[in-house]
Each structure stands twice: as structure tokens, then as C-alpha cells.
Amino acid sequence: MTSLEAARELLREFPLVDGHNDLPWALREQVRYDLDARDIAADQSAHLHTDIPRLRAGGVGAQYWSVYVRTDSPDPVAATLEQIDCVRQLLARHPEDLRPALTAADMEAARGEGRIASLMGAEGGHSIANSLGTLRGLYGLGVRYLTLTHNDNVDWADSATDEPKAGGLTAFGREVVREMNRLGMLVDLSHVAATTMRDALDASSAPVIFSHSSARAVCDHPRNIPDDVLERLPANGGVAMVTFVPKFVLQAAVDWTAAADENMRAHGFHPLDTTAPAMKVHRAFEERRPRPVATASTVADHLDHMREAAGIDHLGIGGDYDGTAFTPDGLADVSGYPNLLAELLERGWSKADLAKLTWKNAVRVLGAAEDVARGLQATRSPSNATIESLDASAG
């Protein structure tokens, strides 16, 4: 049996939980949620990284669908609700393949039924508009993690890719974390500054996740996780889910991306714009200056390091498909996960290790957050604190 065949066999028993997929945003940007125009029951490889046939080919058994909206959205709460509605429409259209999931037990039930457990994660604290009531509303609608920031700071937390302002979490930011713990919503530390990571680990009584981040020691990008934070995950119980985005995993791609982003801005496009006109500008730049290419081996280098720093019980995968313009060779779309597992098998990772990486760790961390929430709800009422009451600078 080849390593690729062994990887596919393992995924049949322990399918992959992916921590972050931006399909809802791609559907918003490309077709304004016209799901007939992008029917994911059929091959959409001309337009998307994701469709049901390729999820099946990739051995995906659970997916956190990102309900991301841009930080400059004029009404981020409404836009987040539209993203949630998109996921609900997808689930209603494809019940044979996609199963709504809110709990670890739901994830296991989906695995038993041969369906893909579908969860939601909100990407960026701007989606709650400084309101704990809105946070609870998102949880009530099915959102099971909140990434504390996206690329820009929020009033109560610093982002990895913005100028420091809060110095990590403010008092209100710590209250957001505590309320997430009480709800059973996972605290996602992808995108946040290292200071915010450390403050959140200090404040959280439940395991945290990184839904799509890699190792800073392997690729020095602020979106990645420093070793001292990885080393805290065993005590916290959390899970770091490696991402595939070349500009976060390959140092040469970091430098290339900085130049490509500046080119996008010079042509009037946001660097994250993946619409057809923006991609035309990207492709023209790439023809002039070929893009450094990451591979499955590049990603495996991160996982090897993360396993050394945090331990096998604290690793997962979050590809960030449909949220990035470029992907590594061998990991072009959601069908590529077996190639990564084959690479890890060839590096000596055991099947028991891979079962934790693909399924067990991610299911465990959600179940642990639920356990913490049950205890907190017995002793703590919902918080009605405001940012004005806790953060003097917000008053």
C-alpha cells in the first residue's frame, strides 16, 4: 500500500476536521449568494476551492465554515448574519452530504452517518460590535468560535497585523473571553497579536484554538504562533490548526506577498480581493515576478515543529480554502488533504498520530469547551458589562 493509499484509508475512519473555510465569503463576493450559480453539488473548480465532490475526495468529515466579514463593513453584524444565512441555505440544499453540528456529539453523529459535520466560526471581534448580547446572539445562531480579531485591531484586542493599541486584551476583551467560556464558544487566536494570545490564555478557563495558523519559528510572519505560546497549549488543552496559505508558511512567499499586496493597492484593489478583476491584476504581477511555491512538504515542516513544541494532542488543520488567492502544490483545494497525510506518513508519523491530527483533537477541544460551559453556567449569569464600563479609554 502506498502512503497516499494509507492516508485515504485512515481518512475513511478518522475524517478530517478543517478549522477554517471561507466558502460563504467567496459565494458572497462572486455571486451574491446565488447558490444556483455556484452549485457546490457539482464541480466548481473553475471558481472555488470547495465543493462537495472535492470535500469527499479530500476525506473531510467536519468543516468550520467561516462567517467572516471585512473589518471595514459598514454594518458588520448584519453582514455576519447574512453569512450565517448562507451557511444555513447550503445545509438546507445539501442534507445528504452536510449535517448541521453544534456540539462534539453532533460531529460524531455526522461521522457515523457518513455526512460532513458543518459548524460555523465568526472571524473577527468586529462581528459583535462591542456587545456581549450580540456575542450571545451569534452563539444562539450556531456560531461555535469567534476569532478575536481579523487583520485590524478591535477596540478591545490587538491584531497581529495592525499597530499595537491595547497591548493585548483590554478589560472588556478579557470579559469577552470569559463570556465565551460561559457559552461554550471556542476562543480562536488566529489573526491576533502574540500579546493577545498570551492575555487570552491567561483569561480563558477553557481550551483555545488557532483555527488557521502555523509556526512562527518556521516562517517568521506575525500571523503565526510563537513557540512560547505553542508550549502553553498542553496546560490549556487547546489546539493549533496549521494553515496552508503560502505567505504564512514559506518565507520566500512572505516577501513576494508584500510586493504583490503593494501592487494590488497601486491598482486600487484591496490585497485580499479575489474577484475576477483583482485576480487579473494578481496574475499579471505573477507573470512578471513568479510566485514562490509552497508544497505539502512545506506545511509538514510546520507540523513537525508544532508537534515538537506543543505535542501531538494539540494539533489540527485549518486550510483557509476560498480565503486565499494561492495554495501550495499538492494542496490546491479541499481534495488535497490526503497528500499532506501521505507526506507525514513518509516522515514517520503514526496512524494514531494522524487520527488525532485529523479528527480526535478537534472534537475533543469542542467537547472540553462544552464541559467548561456547563460548570460556569451553574454559577455565573450572562454578563451585561459594556466596553464603556470596563475600559476607561472607551468612555
Side-chain angles (χ1 to χ4, degrees), residues 19-25 27-28 33 62-92 100-104 106-107 117-150 152 154-157 159 169 172-192 196 200 203-204 206-212 318 323 365-366 369-370 372-374 376-377 380-387:
H20 194 87
N21 184 301
D22 276 301
L23 175 64
W25 183 255
L27 293 171
R28 179 188 181 93
Y33 305 128
Q63 181 66 67
Y64 278 94
W65 302 108
S66 175
V67 291
Y68 157 80
V69 300
R70 280 172 52 159
T71 55
D72 59 1
S73 299
D75 190 344
V77 176
T80 302
L81 295 179
E82 291 170 357
Q83 289 280 90
I84 291 169
D85 181 67
C86 174
V87 174
R88 289 185 162 188
Q89 288 188 53
L90 288 170
L91 300 186
L102 299 174
T103 65
D106 289 343
M107 296 171 76
S118 291
L119 307 101
M120 289 184 283
E123 190 176 16
H126 58 290
S127 289
I128 68 167
N130 296 338
S131 165
L132 296 179
T134 300
L135 176 72
R136 289 189 287 273
L138 294 184
Y139 182 85
L141 292 171
V143 173
R144 287 300 176 266
Y145 73 66
L146 175 70
T147 317
L148 299 187
T149 73
H150 192 244
D152 301 308
V154 294
D155 291 334
W156 42 270
S159 167
L169 287 176
F172 183 75
R174 292 189 290 274
E175 188 72 359
V176 170
V177 168
R178 286 190 289 265
E179 187 64 7
M180 291 173 70
N181 290 164
R182 194 194 66 81
L183 288 168
M185 183 185 285
L186 289 164
V187 176
D188 178 22
L189 300 181
S190 286
H191 279 287
V192 308
T196 307
S204 183
V208 304
I209 65 165
F210 292 82
S211 66
H212 58 307
V365 77
L366 181 58
E370 295 166 24
V372 169
R374 275 189 287 271
L376 292 175
Q377 288 168 19
R380 187 185 302 171
S381 298
S383 174
N384 292 307
T386 63
I387 191 167

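Since this is a predicted model, take the numbers as computed values, not measurements. These numbers come from the heavy atoms of this one structure, side chains and all, not from hydrogens, waters or symmetry mates.
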Problem - Closest non-hydrogen atom pair between Ala122 and Leu138, with its separation - result: CB-CD1, 4.5 Å

Problem - Minimum heavy-atom distance Ala101-Ala117, with the two atoms named - result: CB-CB, 3.9 Å

Handout entry: Straight-line distance of Ser127 OG to Arg70 CZ, nearest 0.5 Å
Key = 13.5 Å

Problem - Ser383-Glu179 side chain donor-acceptor pair, cut-off 3.5 Å - result: no

Practice task
Work out which heavy atom in Val69 is nearest to a heavy atom in Ser73; give both atom names and the distance.
Solution key: CB-OG, 3.9 Å

Handout entry: Short side-chain donor-acceptor distance under 3.5 Å, Tyr64 and His212
Key = no

Problem - Thr149 side-chain N/O to His191 backbone N/O, donor-acceptor pair under 3.5 Å - result: yes

Handout entry: Value rounded to 0.5 Å, distance of CH2 in Trp65 from CG in Asn21
Key = 4.5 Å

Exercise for the section: Please answer whether the main-chain N or O of Tyr139 pairs with a side-chain N or O of Arg144 as donor and acceptor at a distance below 3.5 Å. Expected result: yes

Practice task
Take atom CZ of Arg88 as the centre, draw a 6.0 Å sphere, and report whether it contains more than 12 heavy atoms from other residues, nucleotides or ligands.
Solution key: no

Practice task
Give the intermediate values and the outcome of side-chain contact (heavy atoms from CB on, under 4.5 Å) for residues Thr134 and Thr80.
Solution key: CA-CA 11 Å; Thr134 300; Thr80 302; over 6 Å; no

Practice task
Could you grab the distance from atom OG of Ser381 to atom CG of Leu376, nearest 0.5 Å is fine?
Solution key: 11.5 Å

Exercise for the section: Check whether any side-chain N or O of Arg174 sits under 3.5 Å from a backbone N or O of Leu169 as a donor-acceptor pair, and report yes or no. Expected result: yes

Practice task
Please round to the nearest 0.5 Å and tell me the distance separating atom NE2 of His20 and atom OG1 of Thr147.
Solution key: 6.5 Å

Exercise for the section: Working to the nearest 0.5 Å, report the span between CG of Asp155 and CD1 of Ile387. Expected result: 4.5 Å

Practice task
Check the pair Ile84 / Val87 against side-chain contact (heavy atoms from CB on, under 4.5 Å), numbers first and verdict last.
Solution key: CA-CA 5 Å; Ile84 291 169; Val87 174; 5.8 Å; no

Handout entry: Residue pair Ser66 / Trp25, side-chain donor-acceptor N/O under 3.5 Å
Key = no

Exercise for the section: Quick one: sort the Tyr68 and His126 rings into parallel, tilted or perpendicular, breaks at 30° and 60°. Expected result: perpendicular

Practice task
Only one of Leu135, Val77, Val154 passes side chain to side chain contact (heavy atoms under 4.5 Å, CB included) with Ile128; say which it is.
Solution key: Leu135

Practice task
Hey, could you give me the CG/CZ distance between Asp22 and Arg28, rounded to the nearest 0.5 Å?
Solution key: 12.5 Å

Handout entry: Considering all heavy atoms, the nearest Met120-Leu141 contact
Key = CE-O, 3.3 Å

Problem - Side chains of Leu23 and Gln63 in contact at under 4.5 Å (non-hydrogen atoms) - result: no

Problem - Closest non-hydrogen atom pair between Leu148 and Thr196, with its separation - result: CD1-CG2, 4.4 Å

Practice task
For the pair Tyr145 (side chain) and Ser211 (backbone), establish whether a donor and an acceptor sit closer than 3.5 Å, ignoring hydrogens and angles.
Solution key: no

Practice task
Verify, without hydrogens or angle tests, whether Asn181 (side chain) and Arg178 (backbone) share a donor-acceptor contact under 3.5 angstrom.
Solution key: no

Practice task
I would like to know whether Leu119 and Leu366 meet side-chain contact (heavy atoms from CB on, under 4.5 Å); could you show each step before the answer?
Solution key: CA-CA 11 Å; Leu119 307 101; Leu366 181 58; 3.8 Å; yes

Problem - Ser159 versus Asp152, side-chain donor and acceptor atoms under 3.5 Å - result: no

Problem - CA sep, side-chain torsions, deciding dist, call: Leu81, Asp85, side-chain contact (heavy atoms from CB on, under 4.5 Å) - result: CA-CA 6 Å; Leu81 295 179; Asp85 181 67; over 6 Å; no

Handout entry: Sub-4.5 Å side-chain heavy-atom contact between Asn384 and Leu132
Key = no

Fill in the blank from the handout: Nearest heavy-atom approach of Val176 to Trp156 is CG1-CH2, 3.9 Å

